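Just so it is clear, the structure is predicted and the values come from calculations on it, not from any experiment. Counting convention: from 1, in listed order, for ligands and their atoms alike.
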Amino acid sequence: MTLSKKDILEMGSLSVEEIQVILKTAETLKEISTRPIKKVPTLRGKTIIHFFYEPSTRTRTSFEIAAKRLSADTVSISASTSSIVKGETLVDTAKNLEAMNPDAIVVRHRAAGAPHLLARLVEASVINAGDGMHAHPTQGLLDMMTVREKKGRIAGLRIAIMGDIAHSRVARSNIVGFTKMGAKVILAGPPTMIPMGVEALGANVTYHVEEAIKDADVIMVLRIQKERQQAFLFPSEREYAQCYGLTRERMAGAKEDVLIMHPGPINRGVEIAPEVAEGPYSVILEQVANGVAIRMALLYLLLGGPR
Ligand code: CP
C-alpha cells in the first residue's frame with residue numbers, strides 16, 4: 001500500500017479511503033513497537049529532516065522514534081539552533097535543506113500555511129507537524145486511531161471537544177477528520193474560545209459543557225493556549241476550572257463507557273482535573289503510543305514505495 005500524494009498537510013486534503021489506509025497501516029505497524037528489537041529495514045537509505053520552529057515533546061519525539069523504527073536516517077533542527085536566529089527566511093532555509101536531498105521534511109511552524117509553502121518549494125515529502133492555529137493532521141489521525149481501537153468504529157459516535165477551540169489546530173483537524181468519518185462533533189467552552197462560524201466545518205456548538213458531556217462517547221479536552229491568546233479570555237484559571245473544566249463532579253454526568261482524551265500538554269487542574277486525566281476512562285497515554293504508529297504509517301506510505 002502507498003499513498004498517491006507527496007505531502008500530508010491537512011485533514012481536509014485526505015479522502016475517507018486514504019484515512020482508512022493510514023489507520024489500517026498504523027494498526028499493522030504498531031506491533032513493531034512491542035518487539036524486543038523494535039526496528040525493521042523498510043526505510044533504510046531514506047533521510048528525514050525534523051524541522052521544529054515551535055516547542056514539542058510528543059510530536060517531535062514520536063516522529064523521530066517512528067523514523068528510527070523504520071531504519072531511516074534522521075536529522076533534527078530547531079529554530080533556536082539553526083540559522084533562522086541569524087535572520088534566514090523559511091524559503092531560503094527550505095532551498096538549502098532541499099539541496100541536501102532529503103526524502104521527507106517534517107515541519108512545525110508558528111505560521112499557518114508554512115508547511116504548504118515548503119511543500120511547493122521542495123521535491124521531498126512534507127508532513128505538517130502543526131502550523132499555527134491551522135492544522136495538526138497527524139494528531140487528528142492518532143486520535144482517530146485511538147477511538148477506533150477502543151470503540152471499534154468512528155461512524156455514529158458523538159465526539160465532544162471541550163476547551164480552547166479558537167486557538168487549537170488539534171480541534172480543527174479533529175472536527176474535519178471525525179466529521180468526514182461519520183461521527184458527530186459537539187464543541188463546548190466559553191463563547192470567547194469558540195470561533196464564530198465554526199459550525200461551517202460540520203460541528204454543533206454549546207456553551208454548557210454538561211450538555212456536551214451528557215451524551216458523548218468521547219470527550220476530548222483541549223489545553224488553554226495562553227501563549228497564543230492576545231487578551232484575557234476568562235477571569236482566572238480557578239474560575240475556568242469551575243465553569244468549564246472536566247472535573248470528577250462533571251464526569252458523574254458522562255456515559256459509563258466514555259473515553260477521555262487530551263492531546264497534551266495538560267494544564268493540570270485547569271481544563272482537566274488530575275484524577276480525571278489519570279482515571280479509568282482516560283486514554284491519554286494510549287494516544288501518545290498511537291502517535292508513533294500513525295507516524296510510522298505515514299512515513300512508510302509516503303516513502304516506502306514508488307510515489
Ligand atoms: N500533541 C502535541 O502536539 O504535543 P507536542 O506539542 O508536545 O508535540
Practice item. With sequence neighbours excluded, tell me which residues meet salt bridge (charged side-chain N to carboxylate O under 4.0 Å, His left out) with E278. Key: R268
Exercise for review: May I ask you to check whether H116 and H109 place their ring centres under 6.0 Å from each other?
Suggested key: no
Study note, to complete from the structure: Residues pairing under salt bridge (Lys or Arg N to Asp or Glu O under 4.0 Å) where one sits in residues 137-148, two or more places apart or in two chains, turn out to be E27-R148
Revision key, fill the gap. Sorted by chain and residue number, the residues with a non-hydrogen atom under 4.0 Å of ligand 1 are S56, T57, R58, T59, R108, H136, Q139, P263, G264
Point to revise | K255/D217 ion pair, N-O < 4.0 Å | key: yes
Review point. Are R295 and F63 in a cation-pi setup, meaning NZ or CZ lies under 6.0 angstrom from the ring centre and within 45 degrees of the ring axis?
Key: yes
Side-chain donor/acceptor pairs under 3.5 Å, residues 209-216, sequence neighbours excluded:
{"unit_1": "E210", "atom_1": "OE2", "unit_2": "R250", "atom_2": "NE", "d": "2.8"}
{"unit_1": "E210", "atom_1": "OE2", "unit_2": "R250", "atom_2": "NH2", "d": "3.4"}
{"unit_1": "E211", "atom_1": "OE1", "unit_2": "T206", "atom_2": "OG1", "d": "3.3"}

